[in-house]
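Right, one structure below, let's go through it.
As the structure lists them, so they are numbered: ligands from 1, and atoms in each ligand from 1.
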Amino acid sequence: MKLLLIPILALGVMACQNNDQAKTTTPETSQEKEIVTDLRADDVPSSAYNFKDLPYAADALQPHIDAHIMELHYGKHHKGYYKKFLNALEGTPVKGKSLTYILSNIDKYDAGVRNNAGGYYNHWVYWDNMSTEGGGKPGEILRDEITSAFGTWDNFVSEFNDAAGSQFGSGWAWLILTKEGELEITNTPNQDNPLMSITDMQGYPLLAIDVWEHAYYLQYENKRTDYIKAFWNVIDWEEVGRRYQMAKEGHYYMP
Ligand code: MN3
């Protein structure tokens, strides 16, 4: 899994680089420039937006999420957002801007950029916060912070499930760390996310669940609640804990 760390300043974007992770190539030719893939840079070529592999096999999360859903969801839906995102950039001032910049200034762009930039980013958050070794609870530090923020672990689970279950129509539920340093649960419609300038509750994404019907309908039909319940068996708390530590240091997850 390749992760880049992106600092944010009050969730409006700014970028000072994390030298450990940064690709510090200074391209001298246009050909070299095309292979720079640092999404933290202020300006990036469209080729910086890649479509990496799933972090596991399509059938790896069975029985909780079946292979047919994974193949369609990743290979058709997510890839579709990716292609439309690249198309939406063409011929607009957004082309060449980093994902950080785009999400933080999303109010300036049309629905095509908003929906597809979100669709491109959100699914990476989701794929990467699931694992074949998932389930259980996070390590002690995050577990203590969660129980402190939500009263009890069960309350946290219940609130997260409510946010996922009550999102009207298509959207996402999130555990985030706000810029004030508070753990919060929130949900967003469509492909919006907590990094977007138009979102009421902004913060660093720690955990995401996709509650679009395409994420569960083939397996769970209309029973979104059953899908949400199954999701707890595949949550990669190690990754969520890693994101939490990153967030406390002012960095957030990037694909
Ligand atoms: Mn989806």
So how many protein N, O or S atoms does the Mn ion (ligand 1) have within less than 2.8 Å?
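N, O or S atoms of the protein closer than 2.8 Å: 4.
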
Among residues at least two apart in sequence or on other chains, which ones pass side-chain hydrogen bond (donor to acceptor under 3.5 Å, both in side chains) with N222?
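N222 satisfies side-chain hydrogen bond (donor to acceptor under 3.5 Å, both in side chains) with no other residue.
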
So that I can tick it off, tell me whether E239 and R242 are bridged by a salt bridge, with the cut-off set at under 4.0 angstrom between side-chain N and carboxylate O.
yes

Side-chain donor-acceptor contact under 3.5 Å, N190 with S170:
no

Distance-only polar pair, side chains of N105 and K108, donor-acceptor under 3.5 Å:
yes

Just jot down the ring-ring contact (aromatic ring centres under 6.0 Å, His included) partners of Y81, sequence neighbours excluded, or say none.
H123

For residues 59-69, pull every pair meeting side chain to side chain donor-acceptor pair (under 3.5 Å), keeping only residues two or more places apart or in separate chains.
H64-N233

